[in-house]
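Working notes for the structure below.
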Amino acid sequence: MKKNPIQIAVVISGLMFFCGTTVAVADPGQDIRLGRQALTQEHPDLALSYFRKARNEINRHPDKYHDDQLAALSGLGYAALWVGNSHEAESAYSKGISIAHSPEDQKTMRVGLARALINLGRPREAYDILKPVRSMGADPQLQSAIASALLSWDTVAQKHLNLAAPHGVYPGPQWQAQLFRQTSDFVYYPLHDRINVGYQYSSDSDHNINQIYQAGVTIPGDGPGDNSLSPTMWYAGFRQTQINDSNGQIGISTVEGGWSAPINTNWNYSILGGVSTARNWTFGRLDGQLNYQPSDSWGLNLSFDQQPIRTVTAVDNKILINTVSLGGFGRLRNIGTVGAAYFHQAFSDGNQRDGVVVRVTPEFYSFSSLPISLGVQGYFRAYTSGTPLQIPYIDSLGKPRQRNAYFSPHHYREALGYIIYVQKFSPYSVMRLYAGYGDQTINGVTTPITDFYGTITGIVSKYLQFSLTGGYSQVASAYGGGPGYHRSYVGANLTIPF
């Protein structure tokens, strides 16, 4: 059948239009331009979709669009960081580093990757990735300062802040200038003398009320350790503990002091000792920790502490508990973290306890455009104990009885699953909320338990740092346990430089 020449021309024109449209849609260069425009207009989610589209097309035709690959990865990483998708940003910037040739492109990719790693809780890796470009301007110096501050390398962090803004004014966009001020405030504390004050309150179903008042002074200076990383922190303070329960009330006064310091980039330690008095009892206090962490992926910890059991009966009978713990953690990238510890407790009444603690924490899920993360954690603790000191008493029928001086079953096990909510107000101001559900088994009897608690740590200004805690728990402790046991607690600590 003959076709009209006009019809043929219309069909050909339509096909040409369709092909042209298809080419335009599949043009990664156009998608990159649209993504950059969306970023300029502060639409990061839209920008992310354009950069993803460009990346996917480039991956299908790498030879054809080789020159656009770096721009697509850079834009993708930046948009992903903006919406809080640090894993995607890490992947984009890591690939970008492998194909970036110019020093400026390397700087862009390495700074972006460092930002992603810091968000993912890997500051040591972030610090190392910046080494080749550290001297190339304010941005890599600022990210180096943030990473070293999170690693508690305070002297190093201050050096990078001074290099990022020699005159104290950051020469970058507003959001970076704000980040510079927050980091400067955070680093200000450990490099200045400061007063620490705190208060803790707890009350349980056995009518045991503890109140702890604490005040001390921390002075940074020279001491045993690598002071090129951070000063040695010297501490002296006073602690007053007030205990009230159904057996009466008693106070414990403690004078304490100690220090903490890094040995090198892998090792750090702390020592705190003191002398306490309670009525006619005087005893020593000791708390020590040694940490080894050569990377963000794993680390080991050894700790020791000696303290009294905070019940009137235990203090009257001069019972101390000495705890030695050896543990560590390992992280599988983009999967999660496993932590485990073995502990041995020796009580001054002759009782011995051995136990283990295990935590399994998968990677958290982050919400787009919000500084919010949700995660889960599995927690397990089990121990075996001997027999604690037996205290004679007369029951309600006038018969002589004996009871334990503190809660210490022969066999104990608890297993909980936690839902965790994390909100970051800045890299240094964070709120964490935990809701745990599970059960505990005490000498073969299993009961359900819940555990709720939260923490908020942050800085108000360079002159005030704070920490708040609070919770409600049905988990047994040395102070009490069994079905129906519960404990509520709150605490606050303030740090004020002077």
Side-chain angles (χ1 to χ4, degrees), residues 198-214 239-254 276-281 283 285 305 307-321 323 345 347-349 351 353 381 383 385 387-410 412 414 416 434-443 445-454 468-493:
Y199 173 75
Q200 298 176 44
Y201 173 91
S202 67
S203 174
D204 68 16
S205 54
D206 291 337
H207 311 292
N208 183 314
I209 298 175
N210 279 200
Q211 296 185 78
I212 302 175
Y213 306 84
Q214 181 180 356
R239 182 194 307 261
Q240 180 66 35
T241 302
Q242 189 66 34
I243 304 169
N244 295 268
D245 62 26
S246 56
N247 295 308
Q249 63 179 14
I250 196 168
I252 304 175
S253 301
T254 304
S276 299
T277 60
R279 290 181 182 167
N280 61 346
W281 182 31
F283 57 94
R285 299 285 301 273
D305 72 80
Q307 58 180 311
I309 297 176
R310 296 195 304 271
T311 67
V312 172
T313 300
V315 174
D316 274 341
N317 287 274
K318 302 179 181 180
I319 300 177
L320 291 171
I321 176 173
T323 303
Q345 294 178 312
F347 298 79
S348 57
D349 63 356
N351 187 16
R353 177 182 294 171
R381 179 172 67 121
Y383 62 76
S385 290
T387 302
L389 179 68
Q390 301 294 296
I391 304 297
Y393 74 102
I394 304 298
D395 67 11
S396 58
L397 299 176
K399 294 183 178 182
R401 302 284 187 184
Q402 285 190 327
R403 64 176 174 228
N404 293 342
Y406 51 91
F407 180 76
S408 185
H410 292 303
Y412 179 87
E414 66 175 287
L416 294 105
Y434 295 75
Y437 304 87
D439 60 51
Q440 64 182 359
T441 302
I442 301 170
N443 291 332
V445 179
T446 301
T447 56
I449 54 174
T450 58
D451 186 26
F452 305 99
Y453 64 97
L468 304 175
T469 62
Y472 169 85
S473 177
Q474 295 176 329
V475 178
S477 69
Y479 312 126
Y485 175 80
H486 60 83
R487 183 171 69 99
S488 302
Y489 56 93
V490 294
N493 285 277

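- I209 places none of its side-chain heavy atoms less than 4.5 Å from the side chain of S202.
- Residues T313 and N247 bring a donor and an acceptor atom of their side chains to less than 3.5 Å of each other.
- Inter-residue side-chain proximity for I321 and Q307 is flagged as met; some heavy-atom pair is nearer than 4.5 Å.
- Residues Q249 and N244 come closest through the heavy atom pair OE1-OD1, 2.6 Å.
- Side-chain contact between S276 and W281: absent, with no pair of heavy atoms (C-beta onward) separated by less than 4.5 Å.
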Run the numbers on Y485 and D204 for side chain to side chain donor-acceptor pair (under 3.5 Å), then give the verdict.
CA-CA 7 Å; Y485 175 80; D204 68 16; 3.2 Å; yes
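- Closest of all the heavy-atom pairs between R310 and N208 is O-ND2, 3.1 Å.
- Contact of the K318 side chain with the L320 side chain is not registered, since no non-hydrogen atoms from C-beta on lie closer than 4.5 Å.
- By the side-chain hydrogen bond (donor to acceptor under 3.5 Å, both in side chains) test, Q242 pairs with no residue at all, sequence neighbours left out.
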Could you check Q390 against R403 for side-chain contact (heavy atoms from CB on, under 4.5 Å), going step by step and ending with a plain yes or no?
CA-CA 5 Å; Q390 301 294 296; R403 64 176 174 228; over 6 Å; no
Evaluate side chain to side chain donor-acceptor pair (under 3.5 Å) for D439 paired with T446, printing each intermediate quantity in order.
CA-CA 7 Å; D439 60 51; T446 301; 5.5 Å; no
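- In summary, the side chains of N210 and Y479 do not present any donor paired with an acceptor at a separation below 3.5 Å, with no hydrogens or angles considered.
- If you check the side chains of S408 and R353, you find a donor sitting under 3.5 Å from an acceptor.
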Derivation and outcome, salt bridge (Lys or Arg N to Asp or Glu O under 4.0 Å), residues D206 and R487:
CA-CA 9 Å; D206 291 337; R487 183 171 69 99; over 6 Å; no
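- Taking the six-membered ring where tryptophan is involved, the planes of Y199 and Y213 are tilted, since the angle between them lies from 30° to 60°.
- Note: Y412 and F407 have perpendicular aromatic rings, judged against thresholds of 30 and 60 degrees for the angle between ring planes.
- There is a side-chain donor-acceptor pair under 3.5 Å between Y406 and D349.
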